[in-house]
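Heads up, the thing below is written out as structure tokens.
Values reported hereafter were calculated over all heavy atoms of this structure, with side chains retained and with hydrogens, waters and symmetry mates removed.
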2 protein chains.
Amino acid sequence: MDLENVCVVLPAGGCGVRMEMDTPKQYCKVLNRPLILYTIHSFHRLSWIKMIVVVVDVSYLEFMQNLLTKYKFTKVKIVTGSPTRHRSIYNGVKALETVCKPDDVVIIHDAVRMFTDEQTITQIAMAAKEHKASGVYRPLISTVIAPDSDGFLEESLDRNRYRASEMPQGFHYSVISAAYQKTTDYDFDYGTECLLLASKYSGVKARLVEGSSNLWKVTHKKDIFAAEGVLKESDISVCLNCEDIHLRESLMKQLQHKKFKIHGLQEGQNKENNVEPSVFIHVLDCNEHLTQHMVACSDEFISHCDNSACYLLDRVLLLVVREIPCESNHLTIIRLMQNLKKIHQDKETLVYCVVYQDETQIEQLIEMVTSVVWNRDPVLSGQVLFVS
Amino acid sequence: MDLENVCVVLPAGGCGVRMEMDTPKQYCKVLNRPLILYTIHSFHRLSWIKMIVVVVDVSYLEFMQNLLTKYKFTKVKIVTGSPTRHRSIYNGVKALETVCKPDDVVIIHDAVRMFTDEQTITQIAMAAKEHKASGVYRPLISTVIAPDSDGFLEESLDRNRYRASEMPQGFHYSVISAAYQKTTDYDFDYGTECLLLASKYSGVKARLVEGSSNLWKVTHKKDIFAAEGVLKESDISVCLNCEDIHLRESLMKQLQHKKFKIHGLQEGQNKENNVEPSVFIHVLDCNEHLTQHMVACSDEFISHCDNSACYLLDRVLLLVVREIPCESNHLTIIRLMQNLKKIHQDKETLVYCVVYQDETQIEQLIEMVTSVVWNRDPVLSGQVLFVS
């Protein structure tokens, strides 16, 4: 089936009352990046997605434009929003008038569902192409009940019959466009589901598809913590430089055990699966050239980062130093790292130094490296940590 | 209303298939403690809760017994579970036969809802006392739909009429006990809601109460991250020792700005609100007695921890040192901290040292302190961190 002209509309005008924050939730920081960046990325990475229309409040136009430039998102069009969700989506749909043919698929999604997987997006697009409308569902996690007018339990629904309707949803351009043209003011203001509008105004019954458990919405503060945890544990590709072959083997094995991917190692990988590394580890011997080596690693790292697109996570340079026998070296290294931190500060790159004594400490070294990389704590950038 | 004889049944026999882990989810580690510990605590802290019956699989009997002893939970009774949730709950209810009068309230909860607030528990208990049965609900977060037999959208429910039924739920002892005595094998195996059983078998219509947003279940791995984030940001009480009055004022103000509570400071506090401090900060001058002072702080901290109940979070000792002018001191302090780390290792206490230069660095110092305390990273215990 032809999935070449699929477009996406991402309404992002909400004001995030539930987060009890000043920032609308789609712009809340998740690992130091606005949440919506991850949502855009989940569609932008797919070659068969032609265009993503992001609908933002007029006050966020410039912010969004800068974001797209910085992270080199080339397939995104920004449109200004309207006060309600459906009017915003309609603005997005109208922006596709000259882009979509009547039977091209338009996917509608939520800006605050960050982790939509390729399989779900593909299924929704295919089902929409074939059946004119499609929606994703998940099993109910709670029993659905109805109270009577006095606040007592009146009805309890059969959990086997019902589902939770989630996003994304997909439509032929002609179906969603025609539906919105006929939508009443009341439905523009109070309607919740695009699926219902398509059914009510275009007479199209949507095909339902079961989605993955990644489709959850960021709604409360706790969901930001959840999102950060998921990102920290997701595919982290590590570039490991270590001249000592035995040590390298041993480190590699243990890093893989911690679910890191060693860059350039996966067999039979194609370019798409070969995630660009976000962590660069250099194992250095403590000899008279140590500080020069550290500076050289840092320079090389910065030049690499300058030459590639901004990354969705802060990139990490981790200098692992073996043995510092001479006491005075400690202070030298601490001061050097403080200087490197300053150099890296504005580049969204983090730099850490971990010092270990000998090969009996490999296990503790790996614990330390794992913790530093997982946390990517900007406050700890520039620190020298001692394995013991 | 009399809320003095309220008991709780906590079924904890599930096998946690959704977490894709070997450990059942109620025993998964959340900030280094089994999840269920926090759930038990949320009821155990309330003086009017008389007894908590925890229903566990026979293989976890000893584990649970040790946990209760270690964390000094004195009001808990352990009962062995049955293969299904309702049979487990019934086991718990039967264990209360000699404890509850017929109209005493029994609250049923889920082991994986860690953050139930006092207000919700009180409301459920009061409503159950008055109306014989009560349940908590939340607004629906997704539209509820029903597919037809071909997988197309057939029905979409009015979101205003329906609610999500959550836990806890409350019952007169006689109501829930009688209901379970009559429950069929089919309902024991496939029934989901205690509210329904009470209605079906005891003819009692439950009073519904709106609950807070804290009632969410830990279901997937992401929820563990969410739970850890919530705990890290929750009421953290700090004990601050600093002889320099101006510095103390300045640190206090900034720590409060970061939402820490300074121990012993809140006006008009009663004992209940005066959370026991879990973080002890000592600001030390770098003079010839520094190392002795550091050791003394550590000794005092350990003796304090030994004399008080285990805490729900790892306790933190944070030594803030001002200026290390003499170079050789660096290594001395690094080695000393490595030794202190070893001493604290088995006591669920963490020890960190933060070194700053002068008062122009107060802001960066606070950033560092906040990060260290929030993360409570056991891997970084024993490290010396330099503010720059």
So which part of Glu233(B) gets closer than 4.5 Å to some heavy atom of chain A, the side chain, the backbone, both or neither? side chain

Under the side chain to side chain contact (heavy atoms under 4.5 Å, CB included) test, residues paired with Ser371(A) that sit two or more places apart: Asn375(A), Asp377(B), Val379(B)

Taking atom NZ as the centre, does Lys341(A) end up with more than 12 heavy-atom neighbours from other residues, nucleotides or ligands that are less than 6.0 angstrom away? yes

What's the spacing between His330(A) NE2 and Arg335(B) CZ if we round to 0.5 Å? 5.5 Å

When Leu153(A), Ile145(A), Val387(A) are compared by non-hydrogen pairs under 4.5 Å with chain B, the top option: Ile145(A)

With chain A, which of Val144(B), Thr143(B), Asp148(B) has the greatest number of heavy-atom pairs at distances under 4.5 Å? Thr143(B)

Would Glu154(B) and Lys205(A) satisfy salt bridge (charged side-chain N to carboxylate O under 4.0 Å, His left out), going step by step from the backbone distance to the final call? CA-CA 8 Å; Glu154(B) 180 164 275; Lys205(A) 235 177 160 181; 5.0 Å; no

Full working for salt bridge (charged side-chain N to carboxylate O under 4.0 Å, His left out) between Lys222(B) and Asp223(A): CA-CA 8 Å; Lys222(B) 74 171 173 69; Asp223(A) 301 319; 5.2 Å; no

In terms of heavy-atom pairs under 4.5 Å with chain B, which of Leu195(A), Leu208(A), Asp150(A), Leu380(A) leads? Leu208(A)

Count the heavy atoms of every other residue, nucleotide or ligand shown that sit under 6.0 Å from CD of Glu210(B), and state whether that count exceeds 12. yes

Over all heavy atoms of both residues, which pair between Ser165(B) and Ser142(A) is shortest? Give the atoms and the distance, please. O-CB, 3.5 Å

Closest-packed option against chain A by number of heavy-atom pairs under 4.5 Å, given Ser134(B), Gly135(B), Pro147(B): Pro147(B)

Given heavy-atom pairs under 4.5 angstrom as the criterion, report whether the side chain, backbone, both or neither of Glu155(A) touches chain B. side chain

Identify, with sequence neighbours excluded, every residue that meets salt bridge (Lys or Arg N to Asp or Glu O under 4.0 Å) alongside Lys200(B). Asp187(B)

In sequence, state the C-alpha distance, the side-chain angles, and the governing distance for Trp216(B) and His220(A), and then conclude on side-chain contact (heavy atoms from CB on, under 4.5 Å). CA-CA 11 Å; Trp216(B) 54 280; His220(A) 298 101; over 6 Å; no

Part of Tyr137(A) lying under 4.5 Å from any heavy atom of chain B: side chain

Which atoms of Ile334(A) are under 4.5 Å from chain B, going by heavy atoms: the side chain, the backbone, both sets, or neither? side chain

Looking at Phe386(B), is its backbone amide N or carbonyl O close enough to the side chain of Gln383(A) to form a donor-acceptor pair, meaning the two atoms are under 3.5 Å apart? yes

Would you sort out whether Lys232(A) and Phe225(B) count as a side-chain contact (heavy atoms from CB on, under 4.5 Å), showing the intermediate values? CA-CA 10 Å; Lys232(A) 283 173 181 175; Phe225(B) 299 126; over 6 Å; no

